Amino acid sequence: MSAGVAFRIALRFVLLLAAQVFLFNQIAWGWGGREYLFVFVYPLFVALLPLRAPRPLVILLAFLLGLAVDFFSETLGLHAGALTFTAYARPLVLRALRPRDGYNIKATPTTADLGAGWVSQYLSFLLLLHLLAFFLLQTFSIFFLGEIVLKTALSLPASLLTTAILVLLFSPKA
Amino acid sequence: MGRLLRIILNSGGLFTFLLLELASVYLIVHHNDAQRAIWAETKSVYGSYLTQQLNEKLAFLDVARENEILRRENAALLARIPGSGYNTTVDTLPVRDSVYQQRFTYLASRVVNKSPYGPYNTLIIDRGSNLQVERGQGVLADGGLLGVVSEVTPRHARVISILHLDTRISAGLDNNSFGTLRWDGRDPRRVTITDMPDYVPVAPNDTIYTTGYSNVFPTGLPIGTVESSTPLPGTGSQDLTVVLLNDPLQATNGYIVRDLFKEELERLNTVR
C-alpha cells in the first residue's frame with residue numbers, strides 16, 4: 001500500500017466523517033414524532049477501500065470510522081457495530097458479485113475499473129446490509145422486524161442515491 | 001504471542017470482527033438508554049427461562065445430597081412410630097405354690113426379626129440378658145416349640161428355630177420312649193424323630209411330647225403328632241415323621257422358658 005493510497009484513505013475518512021456528521025445527520029424524515037428515513041454516506045468509505053486490503057484492517061478502520069460518527073451522533077456503538085458488520089460482510093458481497101473471469105489483481109471498486117452497473121449493485125448490497133445491521137442495533141430487538149424493514153426500505157434509496165451522486169461527482173480512485 | 005497474532009490474521013478477520021462487534025454492543029448497551037432498557041428486558045425474559053431450563057437439567061446433580069437428607073428425615077420419622085419402640089413391660093408369671101415349687105418361668109417376647117426361609121432358620125426376639133435370658137433356653141410358641149436361644153445381647157436374643165438343620169431336641173411318646181427331634185430341611189410342617197427304638201409300638205396320630213431330659217423345655221409339652229414310622233433295618237431304631245402342631249415360620253410371639261433348677265442340674269451333670 002503506497003503512501004498515496006494511505007493518504008487518500010485518510011482524507012476520505014475525514015471528509016466522509018465530516019459530511020455525515022455535519023450535513024447528512026441533519027436530514028432525517030419521519031412522522032408521528034419518529035424518524036424513519038436516514039441518509040448514510042460513510043459506508044462509502046468501506047466500499048471504496050482497495051479490494052485486496054487485509055480483512056482485519058478493513059474491519060478495524062470501519063470500527064474506527066463508525067466510532068467517530070457515533071461520537072458526534074451521541075449514539076455510542078451503533079454506527080461502529082453496524083459498520084464493523086458491513087466491513088466483515090464486504091468480501092461476501094464481493095464474492096457474490098465476482099465477474100466471470102474474477103477480479104483483476106489491481107482492481108479497485110470504481111466505475112472506471114468495474115463499470116457503473118457493478119458499482120451500483122455493490123453499493124446497494126453493502127448499504128442494504130449496513131442499514132439492516134444499523135436498524136437492528138438501533139431497535140435492539142428482532143421483535144421490531146417491521147420497523148427495521150420499514151426504515152431500511154425508506155433509507156436505502158435515499159442513501160444509495162446520495163452515495164451514487166458522490167461517486168459520480170468525485171469519481172474517487174481507490 | 002506471535003502465533004496468536006498469526007492465527008488472528010489468518011482467520012480472515014473473524015476474530016477482529018467478533019471482538020469489535022462485541023465492543024460495539026457493549027458500548028451500545030452502556031451508553032444508550034433505549035437499548036439498555038431493551039437489553040435489560042430481554043435479559044430478564046430469556047435469562048429466567050435459561051436459568052429454569054438449566055436448573056431442570058442440573059437438578060440431578062444434587063440428588064445424592066437430597067437423598068441423604070431424605071433418608072435422615074425418614075429415619076427420624078420412623079423412630080417416632082410406635083412399632084419402633086422397645087417394649088419394656090415384662091410379662092412373666094411366677095407361681096407361688098407350697099406343694100409344687102416353681103421350676104420353669106416363662107417370659108413373653110415378640111419376634112422382631114426372622115431369617116429368610118432356608119435350611120438354617122433363625123429369628124430374633126426382643127428379650128435379652130437384662131431379663132436373664134441365657135444361651136440354651138427354649139422358646140415356645142403357639143402351643144408348640146419355636147427354638148432354642150443361641151446368642152444373647154442385653155436386649156435381644158437370637159433363637160435357632162426348630163426348623164434348623166442343627167437343631168437337636170429330646171422328644172418322646174407318652175410311654176416314656178424317646179428319641180431325638182431334628183429337621184431334614186425340606187418340609188417346614190414336618191420334623192423327624194430319630195434314634196427311637198424299633199420295638200416301641202407307634203401308631204399314626206400318637207402325640208409327641210418333650211421329655212425334659214435336656215433341661216431346655218419342660219416335660220410333657222406337646223410337639224406334634226406321628227404321621228408315619230419307618231424302621232431302619234440293622235440299626236434297631238426307627239424314624240418317625242411328625243407333623244408339627246404349630247407353624248414356627250409364622251410365629252410372632254415366643255415364650256422363653258427359664259429353668260430355675262438349671263445350675264443345680266448342670267452341677268450334677270459335671271460330677272464324674
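Here the structure is a predicted model, which is why all the values come from computation and not from measurement. Below, read A as the first sequence line, B as the second, and so on, with proteins coming before strands; counting in each chain starts at 1. Both backbone and side-chain heavy atoms feed into the values below; hydrogens, waters and symmetry mates do not.
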Using the ring centroid of each side chain, check whether A:Trp29 and A:Tyr36 are separated by less than 6.0 Å. no
Scan side-chain atoms only and decide if A:Gln20 and A:Asn25 contain a donor-acceptor pair under the 3.5 Å cut-off. yes
Contact leader toward chain A among B:Thr42, B:Leu20, B:Leu22, where contacts are heavy-atom pairs under 4.5 Å: B:Leu20
Counting heavy-atom pairs under 4.5 Å with chain A, which one of B:Ile28, B:Ile38, B:Leu27 comes out on top? B:Ile28
For the residue pair A:Phe85 and B:Phe17, does the interplanar ring angle fall in the parallel (under 30°), tilted (30 to 60°) or perpendicular (over 60°) class? tilted
Basic-acidic side-chain contact under 4.0 Å: A:Arg34, A:Glu147: yes
Do the two ring centres, one from A:Phe45 and one from A:Phe13, sit under 6.0 Å apart? yes
Could you tell me if the ring centre of B:Tyr255 sits under 6.0 Å from that of B:Tyr106? no
Spell out the residues in residues 127-139 of chain A that have some non-hydrogen atom less than 4.5 Å away from a non-hydrogen atom of chain B, in order of number; otherwise answer 'none'. A:Leu137, A:Gln138, A:Thr139
With no hydrogens and no angle check, just 3.5 Å: does a side-chain donor-acceptor pair link B:Ser109 and B:Asn253? no
